[in-house]
Every structure is written in structure tokens, then in C-alpha cells.
Amino acid sequence: MTMTDRSAGSTEEDVACCAHHGGQGSGADAPESPRERVNRRWNEVLQETRVTQTGVQILFEFLLGVAFAPLFRELGTVDRVIHVITVVLGASATGSLVAPVSIHRFLSGQRKKDEVVEAACRLMMCGMVLLALTIGCTLLLILRFVVPGVLAEALVAGVMLWFSLCWYVLPFRLRRRVARRSGTDAA
């Protein structure tokens, strides 16, 4: 069953990946039709994609340029391995974050927007994880060159913890809070 076949009151799927953005809320808003909901969700995915694509592309460009810098030849084996891993993560993040555009192009006009939105949401989540790892590895590569000792690893661990809290823990906590509130409103 597709999103456009579901009733506007469907809440089970609204708790799924990316589906609860600006959902039915407290009932103060007029209910959305299934078509309006999928169009709104697609527009949200497009906005999110624009932001993340720009960031990952700039980061990836930087990573590619590093290998041609004169100091790259002076890097040890460990730092070169970190660079290779970082470039592969950056390329993978770019692939995940640009993929929704390709999917949309291939399925445009096929009346499959709900499937496109769901696939795009999953790819965006995967891309965000890969982007966080890319940023962490980039930071590690730079800090290992600039900061002596294990301080580089400690700083990277702190930044990655911060990313985890901001990008994953907080959104999941908010999502659970909204789901609990919706459950008590229905009772």
C-alpha cells in the first residue's frame, strides 16, 4: 500500500523514518491529505539534501586536494591510512546524500513519490552517519598533524560525542517524547 492509498489519519507510518516531521501534532492544524503529506515530506527532504550535499561536497573536495599538497608526502603510514579511509567515507557520504536526486529523476512521473520519500529518508540517514564519520576522520587527520600525543584522539572523541548527541540522541529523544505525547492524547 502506498502513502497516497492510506487514510489521512494514519499514525503508525508517521512514526517511521522521516515521517513524523511536522505531523498531525495537537490537532490545531487542518489534517493533511495523503498527497499533501507526501509532497510536504518530499520538500523537507529536498531542503535537507541541499544543506548536506553542499557540506559533504566541500569536505570531499578538500580531502581530494590533500593528497596533492607537498606535506602529504611527509605523512606516516597511519596518517595515510586515515586519509584513505576518510576519502572512502567522504565518497560514500556523497553517494548517499546525492542519491535521492538520482532516485527522483528515475522515478519522476511514475506516481511513486511515497516510495521515493522513504528511500530518500533512509539514504539521508545513512549519509549523515557517513558524513559524521568523514568529519571525525578528517579532524583526526588534521589534529594528529597539529596536536601532539593522544590529545588529538581525545579531541576527536569529544567532537564525535557532541555529534552523536546533537545528530542522533536529541532527535530520537524528541521523537519518543512526541510519540508518548501522541499516545496520551489518544487515550
*Of all heavy-atom pairs between V45 and A120, which one has the smallest distance, and what is that distance?*
CG1-CB, 3.7 Å
_Could you measure the distance from the CD atom of E115 to the CD1 atom of I103? Nearest 0.5 Å is fine._
11.5 Å
*Student check: side-chain heavy atoms of I82 and V78 closer than 4.5 Å*: yes
*Give, for atom OG of S92 and atom CD1 of I85, the distance between the pair rounded to the nearest 0.5 Å.*
12.0 Å
*So which heavy atom on C121 is nearest to which on R41, and how close?*
SG-NH2, 4.1 Å
*Inter-residue atom distance L155.CG - E153.CD, 0.5 Å rounding*: 9.5 Å
*With a 4.5 Å heavy-atom cut-off, do N39 and E32 have their side chains touching?*
no
*What residue among V51, T52, I58 forms side chain to side chain contact (heavy atoms under 4.5 Å, CB included) with T54?*
I58
*Atom CD of E118 and atom CG of L123: how far apart are they, to the nearest 0.5 Å?*
11.5 Å
*Step-by-step side-chain contact (heavy atoms from CB on, under 4.5 Å) determination, M160 to L139*: CA-CA 10 Å; M160 294 310 292; L139 192 58; over 6 Å; no
*asked:* What's the separation between atom CZ in R73 and atom CG in L71, rounded to the nearest 0.5 Å?
replied: 10.0 Å
_Single-linkage hydrophobic cluster, 4.5 Å side-chain cutoff, L64 and V98 together_ = no
*asked:* So L165 and L170, do their side chains get closer than 4.5 Å, heavy atoms only?
replied: no
_Verify same cluster id: V81, I142 (apolar side-chain graph, 4.5 Å)_ = yes
*Under 6.0 Å from the CZ atom of R173, do we count more than 12 heavy atoms belonging to anything else shown?*
no
*Mind checking whether L174 and M125 sit in one hydrophobic cluster, side chains of I, L, V, M, F, W, Y counted as touching below 4.5 Å?*
no
*More than 12 heavy atoms from other groups under 6.0 Å of CZ on F72*: yes
*Has the side chain of R144 got a donor or acceptor atom that lies under 3.5 Å from a matching backbone atom of A152?*
no
*asked:* Is there a continuous path of hydrophobic side-chain contacts, each under 4.5 Å between heavy atoms, that joins M128 to V88?
replied: no
_Audit row: R40, E44, salt bridge (Lys or Arg N to Asp or Glu O under 4.0 Å) steps and yes/no_ = CA-CA 6 Å; R40 175 185 47 80; E44 291 170 354; 3.2 Å; yes
*Taking the side chain as C-beta and beyond, is there a heavy-atom pair between T134 and T86 under 4.5 Å?*
yes
_Let me confirm one number: the CG-CG distance from L63 to L89, rounded to the nearest 0.5 Å._
9.5 Å
*Where do F60 and V87 come nearest, in terms of heavy atoms and distance?*
CE1-O, 3.4 Å
*Taking all non-hydrogen atoms of both residues, which atom of C166 and which atom of P171 are closest, and how far apart?*
O-CD, 3.4 Å
*Which heavy-atom pair separates S96 from P100 by the least distance, and what is that distance?*
O-CD, 3.3 Å
*May I ask whether V159 and Y168 are part of the same hydrophobic cluster, defined by side-chain heavy atoms of I, L, V, M, F, W, Y residues being less than 4.5 angstrom apart, directly or through others?*
yes
*Do K113 and R35 come close enough that some side-chain heavy atom pair is under 4.5 Å?*
no
_I want to check something: taking the side chain as every heavy atom from C-beta on, are L131 and L59 in contact at a cut-off of under 4.5 Å?_
yes
*Is the closest side-chain heavy-atom distance between F62 and V66 below 4.5 Å?*
yes
*Considering non-hydrogen atoms only, spot the tightest contact between A132 and F163 and give its length.*
CB-CD2, 4.0 Å
